[in-house]
Amino acid sequence: RRRAQNTQLPLRTGNFCGSSDCGQPETASRRLEKCFGCGWIRYCSFSCRESAYDKHFQACARISKGTQVLLAEEQMLRGDVADALGRYTNCFENNVGQFYSIAATRKYCEARYEVAAALFQLARQEKSLVPAEASLVHLMDLVRLCAVDGNGAGLMVPLVLLHVS
């Protein structure tokens with residue numbers, strides 16, 4: 001039997017131009033600009049940003065939209081939210097493990113999972129560690145908050161860990 005050759009490209013660490021035509025690293029003399037939409041991928045020029053647009057757009061839009069919903073939901077939850085017994089509490093600290101049982105937190109959990117999934121999609125697409133690590137942070141916090149994992153964050157953690165390692 002012949003062993004299958006590993007055809008996967010190595011993962012990139014650090015800051016590289018997100019255009020597959022370029023891929024140049026950031027240096028002291030060449031500063032890379034973040035994508036205006038998601039803020040995770042960097043480009044060295046407008047032409048590189050333009051050439052990568054079609055490939056990058058879908059994940060970028062998911063991250064941008066999900067982040068907006070996530071921030072709005074978190075701001076609402078950091079205010080006064082009643083738990084299952086009608087008590088007002090800081091649900092991020094006092095309801096760890098039962099977070100999903102509070103109806104008001106479900107939209108937050110769904111938005112956070114969506115951002116994590118979009119970041120992981122971006123990491124796989126761009127062969128980059130930075131969005132994968134950000135995805136893992138979101139997923140691990142969801143697992144911490146929600147003992148009953150209604151979104152599947154716990155199932156996604158091993159996939160992201162395999163990508164990162």
Side-chain angles (χ1 to χ4, degrees), residues 2-79 92 99-100 105-146 149-165:
R2 292 177 57 189
R3 289 182 97 179
Q5 289 184 337
N6 185 0
T7 58
Q8 191 176 28
L9 294 173
L11 293 175
R12 296 184 296 183
T13 59
N15 293 326
F16 290 84
C17 180
S19 171
S20 57
D21 299 333
C22 179
Q24 295 295 313
E26 184 172 54
T27 63
S29 62
R30 178 196 296 226
R31 304 301 295 170
L32 302 179
E33 298 292 323
K34 289 181 180 180
C35 169
F36 296 125
C38 69
W40 287 100
I41 299 300
R42 298 170 183 264
Y43 299 100
C44 64
S45 67
F46 180 78
S47 61
C48 282
R49 182 181 315 225
E50 202 171 52
S51 72
Y53 180 79
D54 289 340
K55 187 172 97 172
H56 177 68
F57 175 73
Q58 185 180 15
C60 179
R62 282 180 65 198
I63 293 167
S64 300
K65 182 181 176 192
T67 301
Q68 288 175 356
V69 172
L70 178 64
L71 293 175
E73 287 298 313
E74 183 170 349
Q75 185 176 15
M76 189 270 308
L77 289 173
R78 296 252 180 229
F92 287 96
F99 196 77
Y100 200 76
T105 66
R106 292 189 184 145
K107 196 169 181 182
Y108 168 85
C109 293
E110 291 164 5
R112 190 143 194 199
Y113 180 81
E114 177 60 27
V115 170
L119 284 167
F120 184 53
Q121 174 191 354
L122 183 63
R124 291 177 61 208
Q125 175 180 308
E126 303 288 341
K127 306 259 189 285
S128 176
L129 282 176
V130 177
E133 290 170 345
S135 174
L136 190 59
V137 168
H138 283 290
L139 293 170
M140 293 302 290
D141 201 43
L142 273 174
V143 169
R144 178 186 70 84
L145 290 170
C146 308
D149 185 11
N151 295 319
L155 297 174
M156 197 169 156
V157 168
L159 296 174
V160 178
L161 284 172
L162 285 171
H163 183 80
V164 171
S165 62

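Distance CG/Leu155 to CG/Leu139: 10.5 Å, rounded to 0.5 Å. Leu119 contributes atom CG, which lies 9.0 Å from atom CZ of Arg62 (distance to the nearest 0.5 angstrom). Taken to the nearest 0.5 Å, the CD atom of Glu26 stands 10.0 Å off from the CZ atom of Phe16. Taking CG from Leu77 and CG from Leu70, the interatomic distance works out to 9.5 Å, rounded to the nearest 0.5 Å. Annotation: the span from Thr67 atom OG1 to Glu74 atom CD amounts to 11.5 Å, rounded to 0.5 Å. Arg31 contributes atom CZ, which lies 13.0 Å from atom SG of Cys44 (distance to the nearest 0.5 angstrom).
In this structure, the side chains of Glu133 and Val160 stay at 4.5 Å or more apart for every pair of heavy atoms.
Arg106 CZ: more than 12 foreign heavy atoms inside a 6.0 Å radius. Heavy-atom neighbours of Gln58 CD from other residues, nucleotides or ligands within 6.0 Å: at or below the threshold of 12. Residue Lys55 qualifies as enclosed at atom NZ: its count of foreign heavy atoms under 6.0 Å is above 12.
Nearest heavy-atom pair across Pro158 and Gly154 is CD-O, 3.3 Å. Scanning both residues, Ala116 and Met156, for their nearest heavy atoms gives O-CE, 3.9 Å. When every heavy atom of Ala132 is checked against every heavy atom of Ala123, the shortest pair comes out as N-CB, 3.4 Å. Nearest heavy-atom pair, Cys48 versus Ser51, reported as atom, atom and distance to 0.1 Å: O-OG, 3.0 Å. Of all heavy-atom pairs between Val115 and Gly66, the closest is CG2-C, 3.3 Å. Annotation for Cys60 and Cys35: closest pair SG-SG, 3.6 Å, computed over non-hydrogen atoms.
Of the possible polar contacts, none joining the Ser135 side chain to the Pro131 backbone as a donor-acceptor pair under 3.5 Å is found. Formation of a donor-acceptor pair under 3.5 Å by the Glu73 side chain with backbone atoms of Lys107 is not found in this model. The backbone N or O of Ala61 sits nowhere less than 3.5 Å from a side-chain atom of Ser64 that would complete a donor-acceptor pair.
When only modelled atom types and interatomic distance are considered, Arg112 and Tyr108 share a side-chain donor-acceptor pair under 3.5 Å. Gln24 and Arg30 form no side-chain donor-acceptor contact under 3.5 Å, judged by distance and modelled atom types alone.
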Step by step, work out the side-chain contact (heavy atoms from CB on, under 4.5 Å) result for Val69 and Glu114.
CA-CA 10 Å; Val69 172; Glu114 177 60 27; over 6 Å; no

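Residues that satisfy the ring-ring contact (aromatic ring centres under 6.0 Å, His included) test with Tyr113, not counting sequence neighbours, are absent from this structure. With sequence neighbours excluded, no residue satisfies ring-ring contact (aromatic ring centres under 6.0 Å, His included) with Tyr43.
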